[in-house]
Amino acid sequence: SYFTFVPARFRTLELTTSSRGLGEICLSRDVYPDGTVCNPAYLPDVKESSLVARFYLGNGYSALSSAENFIDKPLTKETMQALFEGDNVVSVEGHAGLSFTTTNLSAEFSPYLVQYVSELHNPNFPQIDLHAAIERSFILGGGLNLGKIDPRMKEFRFGAKARILERKFVHGQFSFAQAATDDPRDYLPSQKQNAFLLDPSIAWVGEKRPWKPRISLGLKNSGYAPP
């Protein structure tokens, strides 16, 4: 599910459509073995409560330091030019969080999520796309079996997750020529953003069918994110 954190506008060779699709497989499952729920519509099917702490680190500490440097510290032309001497694609993510799940309700708190992705294009006229972000979030989810409202709808569930996010980030594109001449903050400004997002979904569970098929429809990232 970590693929869902990757900005949708950012295209890179290592984050293809197939890899994003694999990251969304969690939406088709009711309850994970650790007791957590990815799709809030399946919260009514939770039988036991769980409290899970998670820590995730991918691709090494050096790129995590790079993300913080690009956001919080002064940038130099030497730092920007050095990016053109590294790998064509660099991607890293770190995440720490706490998750609580019980019947009809879930809550998640992540005090620290960091991302860093850079991709080098066009060797003849080198350009780099770069995204770095540090984020913290609180997520509250709820679900309801619609059969409690109307017995004829007992195979339908409705759920929603409300997310409050606070992030600092840089996101932009620059050429080797710009890296050599301009102030880096002119084309890669450090920005702050707060967001309130709502992810509603509705699901159908074929409880009477031997295979118990599931179909769900949801909306992601609907809400308000200034600026």
Side-chain angles (χ1 to χ4, degrees), residues 1-8 10 12 14-15 19-72 90-117 131-143 159-171 191-201 216 218-225:
S1 64
Y2 287 100
F3 291 109
T4 63
F5 291 107
V6 178
F10 197 84
T12 167
E14 292 189 354
L15 298 169
S19 64
R20 292 177 188 274
L22 289 172
E24 297 289 357
I25 285 176
C26 68
L27 295 174
S28 67
R29 298 193 57 174
D30 50 359
V31 180
Y32 267 78
D34 63 4
T36 58
V37 175
C38 181
N39 190 332
Y42 296 125
L43 282 170
D45 297 330
V46 174
K47 304 301 181 185
E48 298 180 358
S49 300
S50 66
L51 179 65
V52 179
R54 289 194 180 91
F55 177 76
Y56 172 81
L57 178 63
N59 293 14
Y61 177 75
S62 59
L64 294 181
S65 299
S66 297
E68 295 185 344
N69 291 340
F70 275 104
I71 293 170
D72 292 327
V90 178
S91 175
V92 68
E93 180 177 336
H95 181 218
L98 194 65
S99 174
F100 171 74
T101 306
T102 189
T103 306
N104 298 323
L105 183 67
S106 69
E108 301 173 46
F109 175 62
S110 174
Y112 186 76
L113 185 149
V114 59
Q115 301 169 336
Y116 174 83
V117 186
H131 172 83
I134 297 174
E135 179 181 293
R136 59 180 177 178
S137 63
F138 176 73
I139 304 174
L140 186 64
K161 280 187 177 181
R163 296 185 287 142
I164 301 174
L165 309 177
E166 180 184 83
R167 65 167 64 98
K168 294 187 293 184
F169 69 98
V170 294
H171 187 97
Q191 303 178 68
K192 292 183 178 180
Q193 184 181 52
N194 297 306
F196 176 80
L197 304 173
L198 189 65
D199 301 341
S201 63
S216 64
L219 185 65
K220 298 201 70 174
N221 295 335
S222 59
Y224 183 56

Closest approach of [X] to [Y] (non-hydrogen atoms, all atoms of both residues):
X      : Y      : result
Ser201 : Pro40  : OG-CG, 3.7 Å
Ser222 : Asp199 : N-OD1, 4.4 Å
Tyr224 : Leu197 : N-CD2, 4.2 Å
Ser137 : Phe109 : O-CD1, 3.4 Å
Ala132 : Phe70  : CB-CB, 4.4 Å

Hey, can you tell me if His131 and His171 have their rings parallel, tilted or perpendicular (30° and 60° cut-offs)?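 Aromatic pair His131/His171 classed perpendicular.
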What residues form a side chain to side chain donor-acceptor pair (under 3.5 Å) with Asp45, not counting sequence neighbours?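 Here the qualifying residues are Arg157.
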Suppose we screen for side chain to side chain donor-acceptor pair (under 3.5 Å). Which residues come up paired with Ser49, at least two apart in sequence or across chains?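 Here the qualifying residues are Thr102.
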Not counting sequence neighbours, which residues clear side chain to side chain contact (heavy atoms under 4.5 Å, CB included) with [X]? List them please.
X      : answer
Ala107 : Leu140
Asp72  : Ile134, Lys168
Thr36  : Tyr32, Asp34, Val52, Arg54, Ser99, Thr101
Gln191 : Phe169, Pro189

Can you measure from CG (Leu113) to CZ (Arg136) and round to the nearest 0.5 angstrom?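 It comes to 13.0 Å.
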Spatial distance of atom NE2 (His95) from atom CD (Gln115) [nearest 0.5 Å]: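 Reported value, rounded in 0.5 Å steps: 10.0 Å.
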Test log, rule side chain to side chain contact (heavy atoms under 4.5 Å, CB included), inputs Phe138 and Ser110: CA-CA 6 Å; Phe138 176 73; Ser110 174; over 6 Å; no
Applying side chain to side chain contact (heavy atoms under 4.5 Å, CB included) to Lys161 and Leu198, what does each step give before you reach the verdict? CA-CA 6 Å; Lys161 280 187 177 181; Leu198 189 65; over 6 Å; no
Would you sort out whether Arg167 and Asn194 count as a side chain to side chain donor-acceptor pair (under 3.5 Å), showing the intermediate values? CA-CA 6 Å; Arg167 65 167 64 98; Asn194 297 306; over 6 Å; no
For Arg29, all residues meeting salt bridge (Lys or Arg N to Asp or Glu O under 4.0 Å), sequence neighbours excluded: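 Testing Arg29 for salt bridge (Lys or Arg N to Asp or Glu O under 4.0 Å), a comparison that skips the adjacent residues, returns none.
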Show the numbers, then the answer: is there a side chain to side chain contact (heavy atoms under 4.5 Å, CB included) between Leu105 and Leu43? CA-CA 6 Å; Leu105 183 67; Leu43 282 170; 5.8 Å; no
Is there a donor-acceptor contact under 3.5 Å from the side chain of Thr103 to the main chain of Val46?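 A pair under 3.5 Å: yes.
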